[in-house]
Colleague: 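For reference, the structure I am asking about is given below.
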Amino acid sequence: MLLHRQALYLASYDGGPDSAAWTAHTLHRGRDVLVRRGWSPYWAGARSTATALARQGDPQPLLDFIDRALADDDTAEAANLNYWALWLGALPVPQPDDAFMRDRELSGWDPVTLLRGLARSLHLAPNYADLYAHSLWALVSAFPWLPQAAGPLSGPLRERTGQLLDGAAISARSRRELARVHYVFDHTR
């Protein structure tokens, strides 16, 4: 299951016509996992499907995923941060399955390293700014001391969030969450 999910996600990077058509067809066939609310055993597959569809130019499934399967569900929010921690190098130990995502204590990884990785990736990436905005907001909400620990990262993060707030096509939810992130980093100088 992990290999299938990763292969499909990576295939979404291939813009060739045959690959793009196959990937889009396969992803749309699996859209049923996107209607679930909150955490489920299919959560990681739904996240991968939504992000791959966004990469293919269809941002709506990712926006729906954030609203339905991520926001306002503590287990799903923790799973998202744990997932990012693994892929952005804040979780130093490889994981053999998805069980680590259910750790609601958010232990075993460094929040500052995750903040650094999310901030580095925060830009006007087509269809992805909403996921980064929500994830940054969730990280700062879970670790309110992060703005004081961010050090030299604070300035560039303030600048990037300000740029996104000034002109990016992001959802209303993302705009509120990003404004909160911008505010806390702007007021910890």
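Just so you know, these numbers use all the heavy atoms, side chains as well, and skip hydrogens, waters and symmetry mates.
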Colleague: With rounding to the nearest 0.5 angstrom, report the CG to CG distance, L81 to L136.
Modeller: 9.5 Å
Colleague: With sequence neighbours excluded, what pairs up with A172 under the side-chain contact (heavy atoms from CB on, under 4.5 Å) test?
Modeller: R176
Colleague: Tell me the closest heavy-atom pair linking P147 and F185, and the distance in Å.
Modeller: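 Result for this residue pair: CA-CE2, 3.6 Å.
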Colleague: Taking ring pair (Phe, Tyr, Trp, His ring centres under 6.0 Å) as the test, write out the residues that go with W43, two or more places apart.
Modeller: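 If we apply the ring pair (Phe, Tyr, Trp, His ring centres under 6.0 Å) test to W43, skipping adjacent residues, the hits are W39, F65.
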Colleague: Would you check if the side chain of H182 reaches a backbone N or O of T161 as a donor-acceptor pair within less than 3.5 Å?
Modeller: no
Colleague: Measuring only between side-chain heavy atoms, which start at C-beta, is W137 closer than 4.5 Å to Y132?
Modeller: no
Colleague: Within the 4.5 Å heavy-atom criterion, are R47 and N80 side-chain neighbours or not?
Modeller: yes
Colleague: Any side-chain heavy atom of L153 within less than 4.5 Å of one from V112?
Modeller: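 No; the side chains remain at least 4.5 Å from each other.
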Colleague: Closest approach of T113 and G89, non-hydrogen atoms and distance?
Modeller: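 In terms of heavy atoms, the two residues are closest at CG2-O, 3.8 Å.
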Colleague: Nearest heavy-atom pair of A133 and L178: which atoms, and what distance?
Modeller: CB-CD1, 3.9 Å
Colleague: Would you say that D98 contacts Y83 through its side chain, given a criterion of any heavy-atom pair below 4.5 Å between the two side chains?
Modeller: no
Colleague: State the CG-CG distance between L53 and D64, to the nearest 0.5 angstrom.
Modeller: 11.0 Å
Colleague: S171: which residues meet the side-chain contact (heavy atoms from CB on, under 4.5 Å) condition with it, sequence neighbours left out?
Modeller: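 Once residues adjacent in sequence are excluded, the partners of S171 under the side-chain contact (heavy atoms from CB on, under 4.5 Å) criterion are L63, D130, R173, S174.
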Colleague: Tabulate below the donor-acceptor pairs under 3.5 Å that side-chain atoms of residues 70-78 make, not counting sequence neighbours, or state none.
Modeller:
residue: D73; atom: OD1; partner: T75; partner atom: N; Å: 3.1
residue: D73; atom: OD1; partner: A76; partner atom: N; Å: 2.7
residue: D74; atom: OD2; partner: R104; partner atom: NH2; Å: 3.4
residue: E77; atom: OE1; partner: H134; partner atom: NE2; Å: 2.9
residue: E77; atom: OE2; partner: H134; partner atom: NE2; Å: 2.9

Colleague: Can you list the residues that meet the side-chain contact (heavy atoms from CB on, under 4.5 Å) rule with L86, with sequence neighbours excluded?
Modeller: L91, Q95, F100
Colleague: When you measure from the side chain of T51 to the backbone of S48, do you find a donor-acceptor pair of N or O atoms at a distance under 3.5 Å?
Modeller: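 Looks like yes, one N/O pair under 3.5 Å.
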Colleague: Test of understanding: with side-chain contact (heavy atoms from CB on, under 4.5 Å), list the residues that count as partners of F143, not counting sequence neighbours.
Modeller: L106, W109, P111, L139, W145, L146
Colleague: For L115 and A150, work out which heavy atoms get closest and say how close.
Modeller: CD2-CB, 3.9 Å
Colleague: What's the separation between atom CD in Q163 and atom CG in L122, rounded to the nearest 0.5 Å?
Modeller: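 Atom-to-atom, Q163:CD and L122:CG are 9.0 Å apart.
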Colleague: Of all heavy-atom pairs between P92 and G108, which one has the smallest distance, and what is that distance?
Modeller: CD-O, 3.5 Å
Colleague: A side-chain contact here means heavy atoms from C-beta on lying under 4.5 Å apart; do L131 and W84 qualify?
Modeller: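 Side-chain contact under 4.5 Å: yes.
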Colleague: Of all heavy-atom pairs between A54 and L62, which one has the smallest distance, and what is that distance?
Modeller: CB-CD2, 4.0 Å
Colleague: Quick one: pull up CG in N82 and CD in E105 and give me the separation to the nearest 0.5 Å.
Modeller: 10.5 Å
Colleague: How long is the straight-line distance from CG of D67 back to CD of Q60, given to the nearest 0.5 Å?
Modeller: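 Output value for this atom pair is 8.5 Å.
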